[in-house]
Amino acid sequence: MNPSYNLLKKLTQAYGPSGNEEQIRTIIKEEIKDYVDEIKADTMGNLIAIKHGTGKKIMIASHMDEIGVIITGIDDNGFLRFANMGGVSSFTSLYQRVQFANGVVGIIGMEHIEDMKNLKLEKMYIDIGATTKEDAQKKVSLGDVGSFLGDYHDLGDFITSKALDDRIGCFIAIEAIKKIKQTPHELYFVFTVQEELGLRGSKTAAFGIDPNLGISLDVTSTGDTPKAKHMAIKLGEGPAIKIKDNSLLVHPTVKNLMIHTAKENNIPYQLEILEFGGTDSGAIHLTKSGVPSGVISIPCRYVHSPSETIHKKDIENAISLLSKILQNKNI
Ligand code: CO
Ligand code: ZN
């Protein structure tokens with residue numbers, strides 16, 4: 001099976017910072033509407049696609065949003081001040097380009113700073129090529145949200161782009177939707193909003209769906225670059241079955257189901273213990289009286305930068321693993 005990487009490219013390059021997921025929702029809806037029994041957007045903006053079945057109610061979550069910046073001020077010389085939308089680092093943002101919903105592009109610069117340790121977002125600005133406040137106001141407004149630019153490149157085995165967190169999760173879900181012709185279970189594929197702001201879309205979606213099982217698809221860090229912080233995850237060694245992160249301890253039945261399915265089908269996998277961060281299953285598992293939840297993670301270098309980097313084999317194996325799990329009658 002060869003996934004259509006053109007679709008992944010299209011998904012990553014579309015504009016979708018938290019709270020501004022419309023473009024992503026439209027692309028996904030068009031792509032999957034003929035493969036599901038029901039499809040709808042909820043109040044928060046989550047896209048919910050259902051494949052009917054009689055077994056367990058399973059919620060599969062991938063977040064549509066990406067990190068970004070929000071305009072907090074415009075000065076007399078037309079420079080913008082901004083704050084983060086999600087986990088934006090001052091160091092990875094410096095001299096990057098951001099793009100607003102209307103297509104306006106800006107460059108992130110900094111005030112003169114003696115010691116780079118003091119580089120903070122409040123000492124930085126966005127230059128949109130305006131020279132006066134009025135000039136800038138013709139292009140942007142307070143509260144406008146920008147996303148980072150970062151072209152998609154196929155490096156052979158690797159792919160690099162902005163927003164692979166978490167368009168890769170969306171892509172894997174889409175490919176599984178197309179692949180699964182028949183399911184013993186009631187599958188709720190949820191393309192969530194505002195994950196980067198604190199798992200917000202998945203929280204309300206899970207409450208509404210009230211699933212028997214939750215599975216999220218998201219990226220995780222690796223420890224496979226020169227003198228990296230220790231982490232037992234490598235690019236290309238298989239999708240990672242999460243054991244814990246800061247939002248979740250994976251329910252043992254879900255962890256075992258994933259490991260068992262991988263082994264049974266000869267799908268390579270790794271075990272993930274992430275010492276920071278969280279993902280949608282963090283919200284799903286605390287719904288109502290609790291939902292057994294787990295995560296299939298895609299190993300990713302340079303997370304939350306415009307050059308997020310993943311391995312094609314991990315993508316293809318994640319699609320297989322997810323599809324096999326969802327077609328397992330014995331869940
Ligand atoms: Co993220
Ligand atoms: Zn993510």
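Counting starts at 1 for both ligands and their atoms, in listed order. Side-chain atoms are counted along with the backbone in the values below, which use heavy atoms only and exclude waters and symmetry mates.
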Peer 1: Check whether any N, O or S atom of D165, backbone or side chain, sits closer than 2.8 Å to the Zn ion (ligand 2).
Peer 2: yes
Peer 1: Under 3.5 Å, side chain of T222 to main-chain N/O of R301, donor-acceptor pair present?
Peer 2: no
Peer 1: So, is D166 placed with an N/O/S atom under 2.8 Å from the Zn ion (ligand 2), counting both backbone and side chain?
Peer 2: no
Peer 1: Got a second to check how far I310's CD1 is from D157's CG, nearest 0.5 Å?
Peer 2: 12.0 Å
Peer 1: Verify the distance test for H304 against the Co ion (ligand 1): any N/O/S atom under 2.8 Å, yes or no.
Peer 2: yes
Peer 1: If I take atom CD1 from residue I284 and atom CE from residue M59, how far apart are they, to the nearest 0.5 angstrom?
Peer 2: 3.5 Å
Peer 1: Angle at the Zn ion (ligand 2), OD2 of D218 to NE2 of H63, rounded to 10 degrees, please.
Peer 2: 90°
Peer 1: About how large, to 10 degrees, is the angle OD2 of D165, then the Co ion (ligand 1), then OE1 of E196?
Peer 2: 150°
Peer 1: Please report the interatomic distance CG(D218) to CD1(I298), rounded to the nearest 0.5 Å.
Peer 2: 9.0 Å
Peer 1: One thing to verify: whether R167 and E195 come together as a salt bridge, which I'm taking to mean a side-chain N less than 4.0 angstrom from a carboxylate O.
Peer 2: no
